[in-house]
Amino acid sequence: GKGNFRHFMEKELHEHPVVIGDTLRRMVDPSTRGIALPELPFDFARIPRITISACGSAFYAGLTGRWWFEAIARIPTDGDVASEFRYRTPPLPDGGLGLLVSQSGETADTLAALRYMREQGQHVLSIVNVPESSMARESEAVLETMAGPEIGVASTKAFTAQLVVLACLALAAARARGTIGAAEEAALTGALLEVPGRAADVLEKDEALQAIAARLVQARDVLYLGRGNCFPIALEGALKLKEISYIHAEGYAAGEMKHGPIALIDPTVPVIAVAPSGPLFEKTASNLQEAAARGGQVIVFSDAAGAAKLKGIATETVVLPDVDPFVAPILYAVPMQLLAYLVAVLKGTDVDQPRNLAKSVTVE
Ligand code: M6R
């Protein structure tokens, strides 16, 4: 049941800390605090390319994974939504790795992408939440997200669990390829282990989000901006808002704003920035400056240092705990989803069963 929560989605949002912790425990050795994945039927040192396919939120987790694989394991990685991927018939290199991400393990297009990858001679690894699913059965290897049953149609805890698996997989790949040293691996693993506690902090303090939800509920359109490994989190924030509040929202790479979407910006279009401190922060800050100069309401999600730098241009600010930029997408997903939830509650929509949507899309 829902316990004391109003909706399954609210309950599932509050499970982020536990689920992230449970998923990590499967992949981190508590004594060495190093990554310890189950045995995989391939050697990352010999993988020429990774191809990721999935749908919806699972695809956004995959896009974040792509960033990690490229940045820390230096493996060429490509990704596409399964409904496009399966019909693009992309040639894939012999012995490459096909990676599928799915909560249900039953999404028709993702399953078709899996079969295509097998035909193309890929090792096939699925990240699924349902170990008895079709995808799990048809894969060479499976890594399970420990999210437990997810009832709300809008994915929440399964998404952060997927991110955790992908981050650990990228660390394992980096070790196999010698692209990071032991000290860096330990630091990044340590950063992952801090996420459950930080996610709990975010869930506890939702007053700032309430005020922002009251603002968003008035909006017809909302723009979400992010860069680097947080660009997919902007996409996730926008998808979640669309799904459950029916407000039109777009996620954009912050640097793309001036190539079109900036034309939308006026005082009625809130701009939500997923902007943790990190190597790309200043770039995002200058994009936000441009939005503010056009009268946009800039709503900043950052840490204390980032928030201080954006003080002059932000209409509202949510200060999140400091985390290593490597794990920022996992933490920042939590307030994005929670914000969408709060807006939907204000709107009075059917949060757990939004119109026109199914939990599992088993037809093409
Ligand atoms: O079961 P799957 O993870 O394969 O589902 C993929 C998408 O249908 C799913 O993530 C969908 O986008 C959610 N409604 C997102 O909240």
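Both ligands and their constituent atoms are indexed starting at 1 by order of listing. As the structure is a prediction and not an experimental result, all values here were calculated from the model.
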Give the residue, atom name and distance (to 0.1 Å) of the protein heavy atom nearest atom 3 (O) of ligand 1. Gln103 N, 2.6 Å
Which segment of Glu106 sits under 4.0 Å of ligand 1 when only heavy atoms are counted: neither
Atom 8 (O) of ligand 1: closest protein heavy atom, distance to 0.1 Å, is Val361 CG2, 4.3 Å
Look at atom 10 (O) of ligand 1 and find which of Ser57, Ala61, Ala54 reaches it with the closest heavy atom. Ser57
As an exercise, state the distance from NE2 of His7 to OH of Tyr341, rounded to the nearest 0.5 Å. 5.0 Å
Suppose we call two aromatic rings close when their centres sit under 6.0 Å apart. Are Phe231 and Trp67 close by that rule? no
Tell me the protein heavy atom at minimum distance from atom 14 (N) of ligand 1, and give that distance in Å. Glu243 OE2, 2.5 Å
For atom 7 (C) of ligand 1, what is the closest protein heavy atom, and at what distance to 0.1 Å? Cys55 O, 3.5 Å
Any chance the side chains of Asn129 and Thr145 put a donor and an acceptor closer than 3.5 Å? yes
Report the residue from Glu150, Glu10, Glu15 that forms a salt bridge (Lys or Arg N to Asp or Glu O under 4.0 Å) with Lys157. Glu15
Strictly under 4.0 Å, does any heavy atom of Thr110 approach an atom of ligand 1? no
Under 4.0 Å from a heavy atom of Val153: which atoms of ligand 1 are those, numbered in the order shown and with their elements? 13 (C), 14 (N)
Which is it for Lys240 and ligand 1 at heavy atoms under 4.0 Å: side chain, backbone, both or neither? side chain
Report yes if the side chains of Ile247 and Asp221 come closer than 4.5 Å at any heavy-atom pair, otherwise no. no
Judging by distance only, is a nitrogen or oxygen of Gln162 under 3.5 angstrom from one on ligand 1? no
Residues 83-100, side-chain donor-acceptor partners within the protein, below 3.5 Å, at least two apart:
{"residue": "Arg86", "atom": "NH1", "partner": "Asp109", "partner atom": "OD1", "Å": "2.6"}
{"residue": "Arg86", "atom": "NH1", "partner": "Glu364", "partner atom": "OE1", "Å": "3.4"}
{"residue": "Tyr87", "atom": "OH", "partner": "Glu364", "partner atom": "OE1", "Å": "3.1"}
{"residue": "Tyr87", "atom": "OH", "partner": "Glu364", "partner atom": "OE2", "Å": "2.5"}
{"residue": "Arg88", "atom": "NH1", "partner": "Asp80", "partner atom": "OD2", "Å": "2.3"}

Where ligand 1 meets Ser104 - atom numbers and elements under 4.0 angstrom, heavy-atom basis: 1 (O), 2 (P), 4 (O)
Should we count OH of Tyr252 as having more than 12 external heavy atoms under 6.0 Å? no
Closest heavy-atom approach to atom 4 (O) of ligand 1 among Thr107, Thr145, Leu100 is made by Thr107
Which of the numbered atoms in ligand 1 are below 4.0 angstrom from a heavy atom of Ala58? 3 (O), 10 (O)
Within-shell test, Ala154 vs ligand 1, heavy atom, strictly < 4.0 Å: yes
Can you tell me if Asp22 uses its side chain to pair, donor with acceptor, with the backbone of Met146 under 3.5 Å? no
Kindly list each side-chain donor-acceptor pair under 3.5 angstrom involving residues 172-186, sequence neighbours excluded, with atom names and distances?
{"residue": "Arg175", "atom": "NE", "partner": "Glu185", "partner atom": "OE1", "Å": "3.0"}
{"residue": "Arg175", "atom": "NE", "partner": "Glu185", "partner atom": "OE2", "Å": "3.4"}
{"residue": "Arg175", "atom": "NH1", "partner": "Ile35", "partner atom": "O", "Å": "3.4"}
{"residue": "Arg175", "atom": "NH2", "partner": "Ile35", "partner atom": "O", "Å": "2.8"}
{"residue": "Arg175", "atom": "NH2", "partner": "Glu185", "partner atom": "OE2", "Å": "2.5"}
{"residue": "Arg177", "atom": "NE", "partner": "Ala73", "partner atom": "O", "Å": "3.2"}
{"residue": "Arg177", "atom": "NH1", "partner": "Phe44", "partner atom": "O", "Å": "2.7"}
{"residue": "Arg177", "atom": "NH1", "partner": "Ile47", "partner atom": "O", "Å": "3.2"}
{"residue": "Thr179", "atom": "OG1", "partner": "Ile72", "partner atom": "O", "Å": "2.5"}
{"residue": "Thr179", "atom": "OG1", "partner": "Ala174", "partner atom": "O", "Å": "3.3"}
{"residue": "Glu185", "atom": "OE2", "partner": "Ile35", "partner atom": "N", "Å": "3.3"}

